[in-house]
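Order of the sequence lines fixes the chain letters, A, B, ..., with proteins taken first and strands second; residue numbering starts at 1 for each chain.
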Number of protein chains: 2
Amino acid sequence: MVASFKKQIVLRFSRNFLDILVLRLVQAEPMWGYKIIKKAETLFGIKLRHGAIYPLLNSLEGSGFLRSKQEIQGRRKRRVYEATPKGTQFINTYYDFLNEQLQMHDIKE
Amino acid sequence: MVASFKKQIVLRFSRNFLDILVLRLVQAEPMWGYKIIKKAETLFGIKLRHGAIYPLLNSLEGSGFLRSKQEIQGRRKRRVYEATPKGTQFINTYYDFLNEQLQMHDIKE
DNA sequence: CTTGATATGTCCGAAAAAAGACATATTGTA
DNA sequence: TACAATATGTCTTTTTTCGGACATATCAAG
């Protein structure tokens with residue numbers, strides 16, 4: 001039962017906080033869309049649709065949370081993203097929020 | 001900027017994890033729909049719609065996360081909810097998840 | 001030379017969710 | 001006695017999101 005609860009929570013999280021998931025991965029190590037999808041699979045067992053990821057990366061760059069540069073190897077192109085200070089700020093705020101949530105829980109136990 | 005990030009995250013949490021928000025409040029202290037709405041406002045500054053809360057409470061009871069009894073004072077009726085063991089299990093799993101998320105962050109810093 | 005993997009992008013119909021109205025009853029206060 | 005607060009419920013319309021398809025190109029391996 002607990003295992004299925006966990007799966008459900010992870011799934012809901014990856015749906016509703018996909019931007020945060022992406023920001024975290026990119027902040028840990030600059031990478032491109034395709035690698036983000038693969039990382040999410042190996043690290044968290046989450047299957048991300050590329051049809052969701054690429055528009056998200058573009059919008060995160062548009063709103064200043066990420067910046068990118070195109071890497072070219074031969075004729076092969078990939079767009080490598082890294083977190084901006086604004087992006088880092090955002091996930092730090094997110095982690096602060098998680099801490100607050102947990103503190104409330106700890107007090108009650 | 002950080003303040004607006006926080007507001008945004010709190011808002012998104014209350015939207016996407018409304019069931020968990022409700023379970024947490026009810027677990028801390030058994031209460032009824034109307035009070036949940038008021039508590040969410042004073043504690044977190046979140047305005048919940050009663051049109052969302054009452055159907056949610058019914059469905060959480062239907063799926064065994066909450067149980068309720070009707071309290072009657074004179075002609076005044078209110079339905080008081082408390083968390084079931086299943087409901088408690090669920091939020092514990094949620095807190096475990098939050099802990100995991102934070103641990104990943106701590107390692108990287 | 002074809003298949004699978006890498007790589008990025010758009011778009012549309014269906015499904016789900018959110019906002020807000022409609023509905024009703026009690027109680028306290030001005 | 002009218003208004004605000006307490007208390008719970010449904011329902012419909014609008015908005016958002018999701019899954020999956022369509023599209024294209026490079027490269028490695030069998």
>> Given Leu18(A), which partner from the list Ile20(A), Asn16(A), Leu21(A) fulfils the side-chain contact (heavy atoms from CB on, under 4.5 Å) test?
In response: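 One option only clears the test, and that one is Leu21(A).
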> Would you find more than 12 non-hydrogen atoms of other residues, nucleotides or ligands less than 6.0 Å from Lys86(B) atom NZ?
Replying inline: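 Yes - once you tally the heavy atoms of other residues, nucleotides and ligands closer than 6.0 Å, there are more than 12.
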>> Looking at Lys6(A), I want to see if its NZ is surrounded by more than 12 non-hydrogen atoms of other residues, nucleotides or ligands under 6.0 Å.
In response: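 No, NZ of Lys6(A) has 12 or fewer neighbouring heavy atoms, counting only those of other groups under 6.0 Å.
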At a cut-off of 3.5 Å, list every protein nitrogen or oxygen paired with a nitrogen or oxygen from nucleotides 27-30 of chain C, distance to 0.1 Å.
from, atom 1, to, atom 2, distance (Å)
dT27(C), OP1, Arg75(B), N, 3.3
dT27(C), O4', Arg76(B), NH1, 3.1

> Is there a side chain to side chain donor-acceptor pair (under 3.5 Å) between Arg24(A) and Tyr95(A) once you walk through the steps?
Replying inline: CA-CA 11 Å; Arg24(A) 284 173 66 207; Tyr95(A) 281 111; 2.6 Å; yes
Could you check how far [atom1] of [X] sits from [atom2] of [N], rounded to whole Å?
X	N	atom1	atom2	value
Lys47(B)	dG20(C)	NZ	P	12 Å
Met31(A)	dA7(C)	CE	C1'	15 Å
Glu71(A)	dT6(C)	CD	C1'	14 Å

>> Let's see if you get this right: which residues in residues 50-67 of chain A place a heavy atom under 4.0 Å from DNA chain C?
In response: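 The stretch gives His50(A), Gly51(A), Tyr54(A), Pro55(A) as the residues lying under 4.0 Å from the strand, ordered by number.
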> So which of residues 13-23 of chain A are in contact with DNA chain C, with a heavy-atom cut-off of under 4.0 Å?
Replying inline: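 Those residues whose heavy atoms fall under 4.0 Å from DNA chain C, taken from residues 13-23 of chain A, amount to none.
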> On DNA chain D, which is the earliest and which the latest nucleotide, 5' to 3', with an atom closer than 4.0 Å to a heavy atom of chain A?
Replying inline: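 It runs dC18(D) to dC27(D).
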Least distance between heavy atoms, [X] atom then [Y] atom:
X	Y	answer
Ala83(B)	Gln27(B)	CB-CG, 4.0 Å
Ala40(B)	Leu48(B)	CB-CD1, 3.6 Å
Ser14(A)	Leu11(A)	OG-O, 2.9 Å

>> Give the residues of residues 38-46 of chain B touching DNA chain D, defined as any heavy atom closer than 4.0 Å, sorted by residue number.
In response: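 Contacts with DNA chain D under 4.0 Å: Lys38(B).
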> Got a donor-acceptor contact below 3.5 angstrom from the Gln101(A) side chain to the Leu98(B) backbone?
Replying inline: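 Between the backbone of Leu98(B) and the side chain of Gln101(A) there is no qualifying donor-acceptor contact (under 3.5 Å).
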> Is Ser68(A) reaching over with its side chain to a backbone N or O of Val80(A), donor-acceptor style, under 3.5 angstrom?
Replying inline: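 Not confirmed, Ser68(A) side chain does not pair with Val80(A) backbone.
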> How far apart are the C-alpha atoms of Trp32(B) and Leu57(B), what are their side-chain angles, what is the distance that settles it, and do they pass the side chain to side chain contact (heavy atoms under 4.5 Å, CB included) test?
Replying inline: CA-CA 9 Å; Trp32(B) 53 98; Leu57(B) 287 170; over 6 Å; no
> Once you round to the nearest 0.5 Å, how far does CG of Asn58(A) lie from OG of Ser63(A)?
Replying inline: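 One gets 10.5 Å once the value is rounded to the nearest 0.5 Å.
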> Hey, what do you get for NZ (Lys7(A)) to CD1 (Ile46(A)), rounding to the nearest 0.5 Å?
Replying inline: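 Answer for the NZ-CD1 pair, Lys7(A) versus Ile46(A), is 12.5 Å.
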> So, for Phe44(B) and Phe13(B), is the gap between ring centers shorter than 6.0 Å?
Replying inline: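 Judged by ring-centre distance (under 6.0 Å), Phe44(B) and Phe13(B) do not meet the cut-off.
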>> My understanding is that only residues two or more places apart in sequence, or in another chain, count here; which of them pass side-chain contact (heavy atoms from CB on, under 4.5 Å) with Gln89(B)?
In response: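 side-chain contact (heavy atoms from CB on, under 4.5 Å) check on Gln89(B) returns Met1(A), Val2(A), Phe5(A).
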> Is it the case that Arg12(A) and Tyr94(B) place a side-chain donor and acceptor less than 3.5 Å from each other?
Replying inline: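 The answer is no; no qualifying pair exists.
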> On a plain distance test, is the side chain of Arg49(B) in donor-acceptor contact with the base of dA19(C) below 3.5 Å?
Replying inline: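 Looking at the base of dA19(C), it does pair with a donor or acceptor on the side chain of Arg49(B) (distance under 3.5 Å).
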